[in-house]
Protein chains: 2
Amino acid sequence: MKQKIPKPGSAVRGSTTGRPIMALLDLVGRRWVLRILWELRGAPLTFRGLQEACGGISPSVLNQRLSDLREAALLDLVDDGYTPTPLGRELLAQFTPLTIWAEKWAKAVR
Amino acid sequence: MKQKIPKPGSAVRGSTTGRPIMALLDLVGRRWVLRILWELRGAPLTFRGLQEACGGISPSVLNQRLSDLREAALLDLVDDGYTPTPLGRELLAQFTPLTIWAEKWAKAVR
DNA sequence: GTTGATCGCTACGAAAACCGTAGCATTGGA
DNA sequence: TCCAATGCTACGGTTTTCGTAGCGATCAAC
């Protein structure tokens with residue numbers, strides 16, 4: 001477990017400038033990160049609820065990601081499960097319109 | 001090299017539904033995918049130009065990603081280097097505002 | 001016509017990331 | 001006390017990524 005999670009202001013994989021966008025690109029370039037956020041766009045989910053929602057992600061990676069996302073201030077664990085912080089919800093909002101682009105993409109590559 | 005690149009309409013890692021958004025989440029969840037697109041947002045770049053721009057990405061992975069992105073109809077290799085397709089440029093446009101969010105994020109986690 | 005510089009790209013062994021399965025400790029209700 | 005559900009950890013095996021070296025092609029200069 002040698003991973004150091006990307007945060008703005010410090011060097012990340014592939015960039016030493018500390019530019020926030022580079023930290024973001026590194027963060028979302030990890031498997032499951034966006035998917036986890038995505039599955040939490042509606043109601044909060046428990047650890048095991050997330051496992052199912054993500055199609056059987058292994059608990060070790062899920063736990064790693066949840067720690068990462070909490071440390072990055074994008075997720076919180078509250079009474080009824082994991083849920084995005086306001087900041088995380090803002091990021092999520094930026095990704096929501098991608099469903100529409102993805103549909104278009106689907107038509108193009110078909 | 002057992003990777004099968006995610007495309008809308010077929011099963012991807014973590015989802016068997018074929019929903020386009022799932023293919024997208026799988027695609028961008030691979031290392032370097034977004035970064036490569038990002039570095040091509042301005043002028044086209046050659047293979048080696050991309051290598052440098054991405055801070056020394058190994059050529060094997062770069063080549064893998066370039067093939068993936070070309071097969072996904074997001075990238076093209078033209079005379080003066082790799083450049084996004086119109087579709088890829090559209091996707092890129094959705095990610096551009098993330099710089100602003102990332103700045104906000106930087107302030108929040110600091 | 002050979003040398004040198006660049007191009008896109010490949011081979012391959014090592015390291016890192018990820019996975020699947022099993023199970024632990026805790027909590028709360030029956 | 002027993003049962004179910006919670007968050008999470010351990011650990012060995014597989015997949016993905018990395019780092020270095022180098023190949024074949026192209027083109028310009030000498």
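Below, each value reflects all heavy atoms present in this structure, side chains not excepted, and no hydrogens, waters or symmetry copies. Every chain is numbered from 1, with letters handed out A, B, ... down the list of sequences. Not measured: the values here are computed from a predicted model.
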Between atom [atom1] in [X] and atom [atom2] in [N], what is the gap in whole Å?
X	N	atom1	atom2	result
Arg65(B)	dC9(C)	CZ	P	15 Å
Asp26(A)	dC18(D)	CG	P	10 Å
Arg35(B)	dT17(D)	CZ	P	16 Å
Leu69(B)	dC9(C)	CG	P	13 Å
Asn63(A)	dA17(C)	CG	P	16 Å
Arg30(A)	dA16(C)	CZ	P	13 Å
Ile36(A)	dG7(D)	CD1	C1'	14 Å
Gln64(B)	dC12(C)	CD	C1'	15 Å

Practice item. State whether the distance check finds a donor on one side and an acceptor on the other, under 3.5 Å, for side chain Arg31(B) versus base dT17(D). Key: no
| query | Do Ser60(B) and dG19(D) have a side chain to base donor-acceptor pair shorter than 3.5 Å? | reply |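 Side chain to base: pair present.
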Name the orientation class of the two ring planes belonging to Phe95(A) and Phe95(B) (parallel below 30°, tilted from 30 to 60°, perpendicular beyond 60°).
perpendicular
*Between dA5(C) and Arg48(B), is there an OP1 or OP2 to side-chain N/O distance shorter than 4.0 Å?*
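No, no such contact exists.
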_Tell me whether the side-chain N/O atoms of Trp32(A) come closer than 4.0 Å to OP1 or OP2 in dA17(C)._
no
Open item on the list: With clusters defined by side-chain heavy atoms of hydrophobic residues (ILVMFWY) lying less than 4.5 Å apart, directly or transitively, does Ile100(B) cluster with Leu91(B)?
Closed with: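 No, separate clusters.
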* To do: Could you check Gly56(A) against Tyr82(B) and say which one's nearest nucleotide on DNA chain C is further toward the 5' end?
  =>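 Here Tyr82(B) is the residue nearer the 5' end.
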Exercise. For residues Thr85(B) and Arg70(B), is any side-chain donor paired with an opposing acceptor at under 3.5 Å?
Worked result: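 No, because no side-chain N or O of Thr85(B) sits under 3.5 Å from a partner of the opposite role on Arg70(B).
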Closest non-hydrogen contact found for Leu87(A) with Trp101(B) is O-NE1, 3.4 Å
- Among dC9(C), dG7(D), dC7(C), find the nucleotide with the atom closest to the side chain of Thr46(B).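 The nucleotide sitting nearest to the side chain is dC7(C).
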In this structure, CZ of Arg35(B) is separated from CG of Leu40(B) (nearest 0.5 Å) by 11.0 Å
By nearest nucleotide on DNA chain D, pick out whichever of Pro59(B) and Arg13(B) is the more 5' one.
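First, find each residue's nearest nucleotide; the 5'-ward one identifies Arg13(B).
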